[in-house]
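First the structure, in the form of C-alpha cells, and then the observations on it.
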Amino acid sequence: MLPSDFRFSQTSLQDYVDCPRRFQLRYVDAQPWPAVQSQPVLERERHLDLGTRFHRLVERHQLGMEPDTLARTVDDPQLQAWWSAYLGFDYLHTMEGERFPEFRASVDIEGHRVVVAYDLLVLRPEGNVVILDWKTHRWPPSAEWFAARMQSRLYPLVLVLAARRGVFGAVVRPEQVSLVYWLVGSSGDVVEFAYNEAQFESDLSYVGSVLRGVDRESAREEWFKTADEAQCRLCEYRSLCGRDVEIGAFDQFGIDVGNIVSDDVVLFEDVSEVGF
Amino acid sequence: MKTAQFVEGPAGSGKTTHAIEHIRSLIVDQGVRPDEILLLVPQRVLGRPYQIAFSSPDWPGGADITPVTIGGLARRSLELFWPLIAEKAGFAHPTWEPGFLTIETAQYFMAQFVNEAVETGVFDSISVTPFRIMNQTLDNLSKAAMNQFTLDEVASRLVAAWGDRHSSRPPVYRASLDLAARFRDHCLENSLLDFSLQIDLFMKDLLQEPVFERYVKRAYRHLVADNLEENFPVVADFIRWAWDMLDSALLVYDTDAGYRSFLGADPAGMHDLADLCDEVLAFQPLQSANSAILALAGEFSSRLDSATPVPAPSPANPLEAVHFSTHTFYPQMIDWTVDRISELVAGGVSPREIVVLAPFLGDSLRFSLAQGLEQRDIPVVSHRPSRAVRDEPAARTVLTLMSLAYPEWGYAPPSADIADALGQVIDGLDPARAWLLATIVYKQQSGELSSFDAIEARAQQRITYRAGERYEELRQWLVDSRDLAASNPPDVFISYLFGEVLSQPGFGYHADLDAGRVVAELVESARKFRQTLYPHGIEDWSSVSKEYVTLVRKGLLAALYVASWHAEDQDAVFVSPAYTFLMRNRQVDYQFWLDIGSSHWWERLEQPLTHPYVLSRNFPAGQIWTDDLEYAARREALRRLVVGLARRCREGIFAVAAQLGEQGYEQQGPLLLLLEQLGRQVDADGAG
Ligand code: SF4
C-alpha cells in the first residue's frame, strides 16, 4: 500500500516504467538497500553536487540576484563553464515573459496526485508557456531518447492540466506549450518539443495507463521484475532481486540530477535533546 | 492585511479541518494560486493531515503547497539568498556555499571540543557522559536562537536560576557556553550552519534584506499557521515581521497542548498573536465525542490545575472511559495488555485504532510487546526515538568486518565479535559452528583471518563445506578489497561490502530487509560524516574510516532512527512513547497507558547543563528556579499530557500498572495517584 499522502513524480513514474519491482521496493515498501547504485561513486556524487549547485545558481539569478554577486560563489572549473554558458544563453535571456523558477505543479490524474517540479517556466506575453529544463549529462542524449522519457510526456501534460485549474490565470491550450531541454553539460544544444492536442490526449492516456498499472500491481505480493537486465545494472536492489549483473557506470543516460529542490528540511527535533 | 482569523480549541474540535477548508476556499473561491500560501507547522508530522488532504483526488490544486517548519523555511531561504548575507554575517569565506549541519553532523564538530574540555576536568562535578554534554550544549545554542538570546544571556539566566545551591554548577554552565561559542566560531570559519545559526541568520540578517523582503512579498500572499502552541518564540517574531505584507492569515491554536514547552515552544507568546487578528473563534469539542472521555479530560484538567474550573456536573461517568488493571510484575502487565488487545481485535477493532503508550519505550518493553502481539498475528509497529547505530547487530557485524579489511588500523576485534559476525553473515552457520570457525581461523594478535582450506578436515566437516565456501568468499573479498578500502570513504566501502558480498545469495543478509535498513542507516551516517568533515575529499580514506569507526564504537555518533510515517500508516498497533504519539496528533479508538505507577510519567530528563523553562522569554531573567516552580511545571506538563491523550481517544483508555517496575522497585508515581484519587472521588459521588 502506498502512503495515503503519496504523490507521483516523474522519477517514481519512470521507475515504475523501468521496473515495477523497483517502484514497489522504493515507494511502497520504502525499503533501503545500501548497495552501490552506479559507479564511480564519488565521481557520481560530485557530478550531482555540481548539478545541484548549477540549478541553484540559475534560480538565484532568475530571482533577481546580480551575476557578479553570484559569480563569487563559483569555485569549480566545471561549474564555471556551465555558469558562463548560462550567462551566454541568449535563447533564454532574450525570451520575454514572466518567470517561475523551481515551480511545483500538482494535479490529479485518474485519482492519483501527481507533482512536477519545473526548473523554469516562462509565461510569454501572448499566453504561451515555455518549460525549460537544464540537463547536465556529460554526453548529449538524442532527441529520441528524450522523447521516450516519462519527463517529456509528463511535464507538458501536467502544465496543461494545472493551467485548467487556473494556476496561470488562464487556460493554456496544448499548442501553447513547448518543452525545452538545454544540454548545458554536453553540447550546449537546445532540444525542443512542441506540443499539441493529439500529443496531450496520447500522454494523458499513457500516464493514466501507467497509473492503472500501479493499481493493478498493488494486488501482487511481489511486483513484476523487469526482463531488461540492463536496468538492474543501475539499480541498488540487484542483489535482493538475485540479478547477477555488473554495477553500471553513472554517466549512462539513466542518471540525472532530476528535481533538485527537495522539501527535505532539518527537523528541529533533530537538534534538541528530547526529555521524554 | 485584509482578513486575519485566530482559531482556538481543544484537540478534536475540527480546527485543522477548518484550516484545510479555508485553504480550499482561498483557491476555489478567491482564485488564489496555491503556491502563494505559506503553510507553517512546528514539526513536519503535524503537516501530514494537510498532505493527505492535498493528495486527495478532489483537491483543487494546480500548484503544490508544502507544509514547512520555521527551520525548513530558514534553510531554504538561506540556501537561495546566501550570497546576499554571507559577507555581512561574518563568515570567514563568504564565497563558500554553506554546509547545513544536521544534529549528527553538528555532533561531529562539537565532539572534538567536548573531548578536549572533558580532558581538562571542567565537567567533573557533574556525572554526565560526553555525549550528553555535547547534546545539551547544542540545546543551549538552539534555545538561544529560538528565543533570540545571546550566549551570555543564556549563561547569566542559567547561573541566576541556580541561585546559591552550591557553587560548582555555575562554572559548568559557563564551560558549556564556552563550548557553544567555540563551536559557533568554528561554524563561521568554515561556512557551516547548524540549526541555531540558521535561525539566527534568518531572523537577524535575512529578514533585513530588501531583496528577501520583496521576494517574500511576491511569493507569499496568505499565511496558515497550525499548532501554533507548539512553536517557538521566533515564529511569532517572523509572523509579526510578515504580517503587513500578507493579504490574509489564519492562525490555529490548540488550547490544551504545548507539549513541546520543554523543547522551547512558547504557547503563551503564540497566543498573544490573537491580538493581531480581527476575528477570534473558539471551537468546542465535537458533539459526537464520547462524553465519558470528555468528562475524564475535564477531571484531569481541574485536578491538576487549580486555575481550571471544576467541570460542570456531567451525566457521564469519567470512569466509564478508563479501565484500570494492576499487576504485581512487569511481564504480567505486558501479558495482560496483549490479551486485551487480542480481544479487541477479535471483536472487530482495527489494529490501527489501538496504541500502546509508555513514558519511555525501552528495548525490552518494545520487544516483549511486539513478540506477544506477533505471536497472535496482530501487526505492530513501534516508534524508536533514537539509538546508537553500534547497538544493532547488523551494524556491529559490518564494523567488525571493516576492522579486518583495514589491518593498518592495528585494531583486532575480540574473537567473540568475529564469531558473531561470521554467524550473522554466513547462511546456515549456527552460533556453535561460528564460534568453532572463529577460534580456528582468527588470530587476534595479527587481526587476520586464515584460509578455510588450511584447517583440519574434521573441523571442516563440522563447520560444513558449504559454510566454508562462503567464508572463503568473504575472506578473499576482504583481502582483495584493500585498495578499494583505501581509495573510498567508509560509506562507499560499506556499500560495496553489503552489495557485493553480504546481501548475495548464500550470505546472511541476502533477503534480510531489516539488516538492509540498519546497514543503510550506517551508510547514511558515514556519508554525512565524511561529507561534512572532508568535503573536498582526501587521498587515502583509510584514516577517515578509522576515525568514523572509532567514534561509532565510542557511542559518540548516534544516527537517529526516524520512524517513517509510512510504517505507521499500516493497519497495525502503534507502540510509542506517550509524547511521540501526542505529536502525531491523531485520534484512535483505544489507548493503553502502560506502567502508570512509573514516576517517569511526570519527570523530565535531568539536564544539568541547560534548562527548558529558564531559557524562555516567559521566565524573568535573574529569577531563581525554585522547587515550587519545578513542582508546578511538572504538574502542568502532566496535565497537558493526560488531557491531550484523553482528547485523542474515542472509545476507552486502559490504564495498566505494575506494582514492581521494570527494575523490580515498588512504584507509586503521580499518575497512578491521580487515577486512584479520581476513582475514589467518583465512587464516593456515586455512593452519595
Ligand atoms: S534489480 Fe532489476 S529487477 Fe530488481 S528492482 Fe532493480 S531493476 Fe528491478
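Note: hydrogens, waters and symmetry copies are ignored here, and every other heavy atom, side chains too, is used. Proteins get letters first, then strands, A, B, ... in listed order; numbering begins at 1 in each.
- Remark: side-chain polar atoms of B:R75 are not paired, donor with acceptor, to backbone N or O of B:F100 under 3.5 angstrom.
- Panel note: side chain A:R26, backbone A:F23; no donor-acceptor pair is recorded below 3.5 Å.
- Ring geometry, A:H47 versus A:F250: the interplanar angle falls from 30° to 60°, so the pair is classed tilted.
- B:P34 meets the side chain to side chain contact (heavy atoms under 4.5 Å, CB included) test with B:I27, B:A63, B:I65; sequence neighbours excluded.
- Crowding of A:E222 atom CD: a count of heavy atoms from other residues, nucleotides or ligands under 6.0 Å exceeding 12.
- Counting only distance, with no hydrogens or angles, the side chain of B:E87 and the backbone of B:P94 share no donor-acceptor pair below 3.5 Å.
- When B:V519, B:V492, B:L80, B:V28 are compared by the number of non-hydrogen pairs under 4.5 Å with chain A, B:L80 comes out ahead.
- Here A:R233 does not pair with A:E246 in a salt bridge; the nearest charged N to carboxylate O distance is not below 4.0 Å.
- Residue with the most contacts toward chain A among B:T95, B:D512, B:D58, B:N488: B:T95 (heavy-atom pairs, distance under 4.5 Å).
- When each of A:G166, A:G169, A:S239, A:G242 is checked for heavy-atom pairs under 4.5 Å with chain B, A:S239 comes out on top.
- Only the side chain of A:F100 has a heavy atom closer than 4.5 Å to any heavy atom of chain B.
- Interface residue B:Y215: only side-chain heavy atoms are found under 4.5 Å from chain A.
- Of the atoms belonging to B:F81, heavy atoms from both backbone and side chain fall under 4.5 Å from chain A.
- For the set B:S503, B:G537, B:P505, the entry with the most heavy-atom pairs within less than 4.5 Å of chain A is B:S503.
- Residues B:Q51 and B:R48 have side chains that never bring a donor and an acceptor to within less than 3.5 angstrom of each other.
- A distance of 6.0 Å or more separates the ring centres of B:F581 and B:Y259.
- Both the backbone and the side chain of A:L240 have a heavy atom closer than 4.5 Å to some heavy atom of chain B.
- Distance check: A:L57 CG to B:E97 CD gives 7.0 Å after rounding to the nearest 0.5 Å.
- Between chain B and the options A:L63, A:I109, A:V114, A:V158, the largest number of non-hydrogen pairs under 4.5 Å is found for A:L63.
- Among B:G499, B:A53, B:G516, B:A578, the residue with the largest count of heavy-atom pairs under 4.5 Å with chain A is B:G516.
- Most heavy-atom pairs under 4.5 Å with chain B, from the set A:P32, A:A162, A:P40, A:G64: that is A:P32.
- In this structure, chain A has a heavy atom under 4.5 Å from the side chain of B:E500, while its backbone stays farther away.
- There is no contact between A:Y237 and chain B, counting heavy-atom distances below 4.5 Å.
- Residue A:E110 does not touch chain B at all, counting heavy-atom pairs closer than 4.5 Å.
- Ranked by non-hydrogen atom pairs under 4.5 Å with chain A, the options B:G31, B:A515, B:P60 are led by B:P60.
- Chosen from B:H510, B:Q504, B:E524, the residue pairing most often with chain A at heavy-atom distances under 4.5 Å is B:H510.
- Within the structure, the side-chain hydrogen bond (donor to acceptor under 3.5 Å, both in side chains) test picks out no pair touching residues 63-73 of chain A (sequence neighbours left out).
- Only the side chain of B:V523 comes within less than 4.5 Å of a heavy atom in chain A; its backbone stays farther off.
- Contact of B:R218 with chain A is made through the side chain alone, with heavy-atom distances under 4.5 Å.
- Looking only at heavy-atom pairs under 4.5 Å with chain B, the residue among A:L161, A:D244, A:V41 that has the most is A:V41.
- Using a 4.5 Å cut-off between heavy atoms, B:F54 touches chain A through its backbone atoms (N, CA, C, O) alone.
- A salt bridge links A:R46 to A:D76: one of the charged nitrogens lies within less than 4.0 Å of a carboxylate oxygen.
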